[in-house]
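Keep in mind that the numbers below use all heavy atoms, side chains included, and drop hydrogens, waters and symmetry copies.
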Amino acid sequence: MNNSIFIFPGQGSQKIGMGKDFYDNSKIAKEMIDKASQRVGFDFTELLFAENDRLDQTEFSQPAILLVSLIAHRLFTEQYKIAPKAVLGHSLGEFSALSAAGAMDYLDAVELVHQRGLLMKQACEGINAGMMALLGLDDASVEEITCKERELGKKVWAANYNGDGQIVIAGNKDDLASLEPLFKEAGAKKAVLLPMSVASHCPLLSSAQPKLEAYLEKWLKESFAVPVISNVTASAYQTKAEATKLLSEQLVSPVKYKQSILHVESSVDCFIEFGGSVLKGLNKRISQKPTHSISDMKSLEEVLALL
C-alpha cells in the first residue's frame with residue numbers, strides 16, 4: 001500500500017449529500033467547508049446537502065467535487081503520512097490532484113475551478129454544446145468516424161478515453177445526435193447524449209484558455225511535493241510552467257484517463273480514490289491493480305485499516 005497513486009474523480013461524480021458524513025463527524029471537514037463557502041460567496045452546505053438544481057451546473061459541480069475530494073484526502077493524510085508515488089485526476093480531478101500534490105492551497109483551488117466552470121459555461125453559450133457517451137467501440141473507430149465527420153463540417157471530437165469500449169465525445173449537440181446511426185452501424189452498443197450544456201475537452205473551449213492560464217499563474221506554486229500525471233500526455237509533470245501549459249491544453253484536448261492508468265499501473269501496488277467511487281469502476285475495466293475508494297468516514301476507516 002505504500003507504493004500507491006492517489007486519484008481524484010471529475011465532473012459527473014456529484015450527488016446530493018456527498019461530504020455530509022465528513023461534515024457531521026469531522027471538525028476538519030466542517031472548517032474546510034465553512035472556509036470554502038466564505039471564499040467563493042455561496043453556501044456549500046446548501047449546495048452539497050440540500051435538494052437543489054445547482055449542483056449539476058458546471059460552475060458549482062466543479063468546486064463541490066474538488067472540495068469533497070480534498071476533504072477526503074486531508075482526513076486520510078492526517079493519519080497516513082506516506083506520500084504517494086504520484087497523483088492523478090480525471091478532468092476536473094487533475095485540479096484536485098494538483099492541490100493534493102502541494103501545488104495549490106485548497107481554497108485557491110476551490111475558487112479556481114469555480115472560475116473554470118464559469119469560463120467553460122461562457123465559452124459554450126449559444127453554440128448548443130453537448131457530450132455523448134459511447135459504449136462498445138474501440139478508440140480507432142471513434143477517431144475515424146469523428147475525423148471524417150469534421151471534414152464534412154461537423155463539430156465532434158473524442159473527449160474522454162475512459163476505458164476500452166468506453167469513450168465520451170463532445171461538440172455540437174445536433175452534430176452529436178446525427179452521428180448516432182453511424183456509431184450504431186460501426187458496432188456501438190450505446191450512443192447516448194449526456195445531460196450537459198458544455199462540450200468539455202474539445203476546441204469549442206479555446207476562448208477560455210487565456211483566462212484560465214491567468215488564474216493558474218496567480219494561484220499555482222512553483223513546484224510540487226509529488227508528480228502529477230497529465231490528462232493531456234498521460235505522463236508526469238512537477239512544475240508550475242508545465243502545469244499552466246498542460247491545464248490550458250486540457251480544456252481543448254481529450255482526457256487520456258485509460259492511457260494514464262496503463263502508464264503507471266506496473267509500478268504501483270494500488271490506487272486510492274478520494275471523494276467517490278466512479279474511478280474505481282473505471283479502473284476495474286483497465287487495471288488488475290486494486291482501487292480503494294474513500295467517500296465517507298466508514299470507507300476512510302476501512303482503507304486505513306488495510307495499511
Original post:
Do the non-hydrogen side-chain atoms of M32 and I28 ever get within less than 4.5 Å of each other?
Top reply: yes

Original post:
Are I294 and L88 in one and the same hydrophobic cluster, where Ile, Leu, Val, Met, Phe, Trp and Tyr link if side-chain heavy atoms are under 4.5 Å apart?
Top reply: no

Original post:
Which heavy atom of L220 sits nearest a heavy atom of A243, and at what distance?
Top reply: CD1-CB, 3.7 Å

**OP:** Indicate the atoms forming the closest heavy-atom contact of K173 with A129, along with that distance.
**Re:** CE-O, 3.3 Å

Original post:
What distance separates Q250 CD from S200 OG, expressed to the nearest 0.5 Å?
Top reply: 9.0 Å

Subject >> Note, L55 side chain near I16 side chain (heavy atom, < 4.5 Å) >> reply: yes

Subject >> Separation of C270 SG from I272 CD1 (nearest 0.5 Å) >> reply: 4.5 Å

Subject >> Enclosure of E185 CD (heavy-atom neighbours >12, cutoff 6.0 Å) >> reply: no

Original post:
Does F274 have its ring centroid less than 6.0 Å away from the ring centroid of F76?
Top reply: yes

Subject >> Carboxylate-amine/guanidinium proximity below 4.0 Å for K258 and D164 >> reply: yes

**OP:** Keeping the roles fixed (side chain from T244, backbone from A241), state whether a donor-acceptor pair exists under 3.5 Å.
**Re:** no

Original post:
Do the two ring centres, one from F44 and one from Y23, sit under 6.0 Å apart?
Top reply: no

Subject >> Single-linkage hydrophobic cluster, 4.5 Å side-chain cutoff, V68 and L279 together >> reply: no

Subject >> Residues K121, E125: salt bridge by 4.0 Å N-O rule >> reply: no

Original post:
Taking atom CD of E51 as the centre, does the number of heavy atoms from other residues, nucleotides or ligands within less than 6.0 Å exceed 12?
Top reply: no

Original post:
So with a 6.0 Å cut-off around NZ of K30, is the heavy-atom count from everything else above 12?
Top reply: no

Original post:
If Ile, Leu, Val, Met, Phe, Trp and Tyr residues are connected whenever their side-chain heavy atoms lie under 4.5 Å apart, and connections chain through other members, are V228 and I261 in the same group?
Top reply: no

**OP:** State plainly whether the residues E265 and K289 are in salt-bridge range, i.e. N to O under 4.0 Å.
**Re:** no

Subject >> Donor-acceptor contact below 3.5 Å, side chain Q238 vs main chain F224 >> reply: yes

Original post:
Are any non-hydrogen side-chain atoms of H201 and W157 less than 4.5 angstrom apart?
Top reply: no

Original post:
Under 4.0 Å between a Lys/Arg side-chain N and an Asp/Glu carboxylate O for E111 and R39?
Top reply: yes

**OP:** Take C124 and L205 through the test side chain to side chain contact (heavy atoms under 4.5 Å, CB included) and record every step on the way to the result.
**Re:** CA-CA 7 Å; C124 289; L205 293 183; 3.6 Å; yes

Original post:
Applying the 4.5 Å side-chain criterion to the ILVMFWY set and letting contacts propagate, would V255 and L216 be lumped into a single cluster?
Top reply: no

Original post:
Side-chain contact, heavy-atom cut-off 4.5 Å: Y80 with L304?
Top reply: yes

Original post:
Judged by modelled atom types alone, do E242 and T239 share a side-chain donor-acceptor pair under 3.5 Å?
Top reply: yes

**OP:** To the nearest 0.5 Å, tell me how far L282 CG sits from E273 CD.
**Re:** 8.5 Å

Original post:
Regarding N283 and Y257, is there a side-chain donor-to-acceptor distance under 3.5 Å anywhere?
Top reply: yes

Subject >> Trace of the side chain to side chain contact (heavy atoms under 4.5 Å, CB included) decision for L212 with R116 >> reply: CA-CA 7 Å; L212 180 64; R116 178 179 182 262; 4.2 Å; yes

Original post:
Is there side-chain contact between I33 and F49, with heavy atoms separated by less than 4.5 Å?
Top reply: yes

Original post:
What's the verdict on side-chain hydrogen bond (donor to acceptor under 3.5 Å, both in side chains) for D175 and S178, showing C-alpha distance, side-chain angles and the deciding distance?
Top reply: CA-CA 5 Å; D175 291 346; S178 73; 4.9 Å; no

**OP:** Look at atom NZ of K184 and say whether more than 12 heavy atoms of other residues, nucleotides or ligands are closer to it than 6.0 Å.
**Re:** yes

**OP:** Measure across D105 and L107 and return the closest heavy-atom pair with its distance rounded to 0.1 Å.
**Re:** OD2-N, 2.9 Å

Subject >> Flag side-chain contact, heavy atom, 4.5 Å: R150 against K154 >> reply: no

Original post:
When you measure from the side chain of T77 to the backbone N and O of R74, does any donor-acceptor pair fall under 3.5 Å?
Top reply: yes

**OP:** Would you mind checking if E213 and K245 are paired as a salt bridge, meaning a charged N to carboxylate O distance below 4.0 Å?
**Re:** no

Subject >> Steps toward side chain to side chain contact (heavy atoms under 4.5 Å, CB included) verdict (Y161, V142) >> reply: CA-CA 11 Å; Y161 294 95; V142 174; over 6 Å; no

Subject >> Polar side chain donor-acceptor pair, N52 to E46, under 3.5 angstrom >> reply: no

Original post:
Can D34 and S37 be said to form a side-chain hydrogen bond (donor to acceptor under 3.5 Å, both in side chains), step by step?
Top reply: CA-CA 5 Å; D34 291 346; S37 298; 5.4 Å; no

Original post:
So which heavy atom on A186 is nearest to which on L137, and how close?
Top reply: O-CD2, 3.4 Å

Original post:
Is the closest side-chain donor-acceptor distance between S299 and D296 under 3.5 Å?
Top reply: yes

**OP:** Check step by step if side-chain hydrogen bond (donor to acceptor under 3.5 Å, both in side chains) holds for T58 and Q11.
**Re:** CA-CA 8 Å; T58 187; Q11 200 166 344; 3.1 Å; yes

Original post:
Charged N to carboxylate O under 4.0 angstrom, E144 versus K148?
Top reply: yes

Original post:
Between CG of L48 and CG of L67, what distance do you get to the nearest 0.5 Å?
Top reply: 6.5 Å

**OP:** Determine whether I5 and L307 fall in the same hydrophobic cluster, where Ile, Leu, Val, Met, Phe, Trp and Tyr are linked whenever their side-chain heavy atoms lie under 4.5 Å apart.
**Re:** no

**OP:** For F60 and R54, work out which heavy atoms get closest and say how close.
**Re:** CB-O, 3.3 Å

**OP:** Determine, stepwise, if the pair I127 / N172 fulfils side chain to side chain contact (heavy atoms under 4.5 Å, CB included).
**Re:** CA-CA 7 Å; I127 60 174; N172 175 274; 5.6 Å; no

Original post:
Is the shortest heavy-atom distance from the side chain of L75 to the side chain of S26 under 4.5 Å?
Top reply: yes

**OP:** State, with a plain yes or no, whether a side-chain heavy atom of F95 is found less than 4.5 Å away from one of Q62.
**Re:** no

Original post:
Considering all heavy atoms of both residues, which atom of H263 and which atom of A234 are nearest to each other, and what is their separation?
Top reply: CD2-O, 3.2 Å

Original post:
How far does CG of L246 sit from OG1 of T233, to the nearest 0.5 angstrom?
Top reply: 5.5 Å

Subject >> Approximate separation, where rounding is to 0.5 Å, of F6 CZ and S4 OG >> reply: 4.5 Å

**OP:** Examine distances only and state if a side-chain atom of D108 and a backbone atom of M104 form a donor-acceptor pair shorter than 3.5 Å.
**Re:** no

Subject >> Test applied, side-chain contact (heavy atoms from CB on, under 4.5 Å); reference residue, H90; option that passes from I7, V278, N231, N160 >> reply: N160

